[in-house]
Amino acid sequence: DGVGMLYDIHDTNNSNSEPDFSTLQGYPLVIWFTGDEFGGFAGPGSIGESALALYIEAGGHVCMSSQDYLYDQGLTNFGQTYLGIESYTSDVYQTSVVGADLFEPLGSVTLNYPFSNWSDTVSPSSNALLAFDGNIGNAAVRLDGEHGGSAIFLGFPVEAMPVESQSDLMNELVAWLGAS
């Protein structure tokens, strides 16, 4: 709302009922977050991963925020190939992050979790970039795809950022779209 973008919300209701490629392709940016869900449905699941892969290959942009996607799904081919994750460690309890790359203007951000802190470290693959560093280690990565699409993966929940930092993050995402 704060950056003036129109948007729709698709709630999976803690299931793998995820949007397909034809639904995703109508949007220049997909922000996928899993909140405090864990135990099997911190997706995307395999069908959602396939849809997101096609979307990125078609030039779409994804920002995924999930502290438990990797815990639930493990490091899948999608995570490696499309999100740019080389490796991860679950449940390291990041309490602050510092913006890098696109997010350098955000500076240092203290995280205050509205639910349990199960945040992860995520290390970028050789063709990806660090997007946030955390007090425990790498906290987010960015990968530009071969066909104009790209993805950002945050190993911590956006909801843990102060409201002002959330707004700054959204502004940077909108600027990223303009530069893509």
Side-chain angles (χ1 to χ4, degrees), residues 1-38 40-86 88 99-103 106 120 122 124-132 139-159 161 166-180:
D1 291 334
V3 296
M5 285 187 84
L6 298 175
Y7 61 90
D8 292 316
I9 296 173
H10 179 97
D11 189 342
T12 67
N13 293 309
N14 294 328
S15 73
N16 281 337
S17 174
E18 300 164 343
D20 59 16
F21 170 68
S22 64
T23 301
L24 296 173
Q25 70 181 356
Y27 300 93
L29 172 65
V30 170
I31 299 172
W32 193 294
F33 68 98
T34 60
D36 68 344
E37 179 58 36
F38 66 94
F41 294 114
S46 61
I47 293 172
E49 286 182 335
S50 295
L52 286 168
L54 289 171
Y55 172 75
I56 292 168
E57 287 177 0
H61 304 281
V62 173
C63 178
M64 183 181 207
S65 169
S66 180
Q67 66 176 3
D68 280 318
Y69 162 70
L70 293 167
Y71 177 83
D72 279 4
Q73 308 300 327
L75 185 53
T76 64
N77 183 60
F78 173 77
Q80 293 173 316
T81 305
Y82 293 95
L83 299 179
I85 301 168
E86 176 70 29
Y88 73 98
D101 185 44
L102 300 173
F103 303 108
L106 274 72
D120 302 337
V122 290
S125 61
S126 62
N127 56 343
L129 299 168
L130 182 66
F132 280 93
V141 298
R142 177 174 73 97
L143 179 63
D144 293 326
E146 295 178 16
H147 306 289
S150 52
I152 296 168
F153 178 79
L154 309 173
F156 61 93
V158 169
E159 304 94 314
M161 300 174 85
Q166 291 177 28
S167 179
D168 291 344
L169 176 82
M170 290 300 132
N171 284 325
E172 293 303 324
L173 287 173
V174 170
W176 174 54
L177 281 177
S180 298

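Residue numbers start at 1 and run along the sequence shown. Note that the structure is predicted; figures quoted are calculated from it, not measured.
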Has the side chain of Tyr55 got a donor or acceptor atom that lies under 3.5 Å from a matching backbone atom of Leu29? yes
Rounded to the nearest 0.5 Å, what separates atom SG in Cys63 from atom CG in Leu173? 4.5 Å
Taking all heavy atoms of Leu130 and all of Pro124, pick out the closest pair and write down the distance. N-CG, 4.1 Å
Checking the side chain of Glu18 only, and the main-chain atoms of Gly45 only, is there a donor and an acceptor separated by less than 3.5 Å? yes
Can you check whether Met161's main-chain N or O pairs, donor with acceptor, with Gln166's side chain at less than 3.5 Å? yes
Can you list the residues that meet the side chain to side chain contact (heavy atoms under 4.5 Å, CB included) rule with Ser22, with sequence neighbours excluded? Asp20, Gln25
Side-chain donor-acceptor pairs of residues 78-85 under 3.5 Å, sequence neighbours excluded:
| unit_1 | atom_1 | unit_2 | atom_2 | d |
| --- | --- | --- | --- | --- |
| Thr81 | OG1 | Asn77 | O | 3.0 |
| Thr81 | OG1 | Asn77 | OD1 | 3.0 |
| Tyr82 | OH | Glu57 | OE2 | 2.2 |

Tell me every residue that passes salt bridge (Lys or Arg N to Asp or Glu O under 4.0 Å) with Asp101, counting only those two or more places apart in sequence or in another chain. Arg142
Hey, could you give me the CG/CG distance between Leu106 and Asp168, rounded to the nearest 0.5 Å? 5.0 Å
Those residues that, when tested against Ser50, pass side-chain hydrogen bond (donor to acceptor under 3.5 Å, both in side chains) (two or more places apart): none
Side chains of Leu52 and Phe21: closer than 4.5 Å at any heavy-atom pair? no
Residues two or more places apart in sequence or in another chain: which of them pass ring pair (Phe, Tyr, Trp, His ring centres under 6.0 Å) with Phe103? Phe132
How far does CZ of Phe153 sit from CE of Met64, to the nearest 0.5 angstrom? 6.0 Å
Between Leu169 and Val158, does the side-chain contact (heavy atoms from CB on, under 4.5 Å) criterion hold? Intermediate values first, please. CA-CA 9 Å; Leu169 176 82; Val158 169; 3.7 Å; yes
Heavy atoms of Asp144 and Ser150 approach each other most closely as OD1-CB, 3.4 Å
Hey, could you give me the CG/CG distance between Leu54 and Leu24, rounded to the nearest 0.5 Å? 9.5 Å
On a heavy-atom basis, the closest approach of Trp176 and Leu102 is CD1-CD1, 3.3 Å
Phe33 backbone acceptor or donor facing Ser65 side chain under 3.5 Å: no
Taken in chain and number order and not counting sequence neighbours, the residues that satisfy side-chain hydrogen bond (donor to acceptor under 3.5 Å, both in side chains) with Glu49 are Tyr69, Thr76
Side-chain contact test, heavy atoms from C-beta onward, threshold under 4.5 Å: evaluate it for Trp32 versus Pro19 and give yes or no. yes
Sequence neighbours left out, what passes side chain to side chain contact (heavy atoms under 4.5 Å, CB included) with Glu86? Give chain and number order. Ser125
Are Ile31 and Met170 side-chain neighbours, meaning at least one heavy-atom pair lies under 4.5 Å? yes
Stepwise side-chain contact (heavy atoms from CB on, under 4.5 Å) test for Ile152 and Val62: CA-CA 6 Å; Ile152 296 168; Val62 173; over 6 Å; no
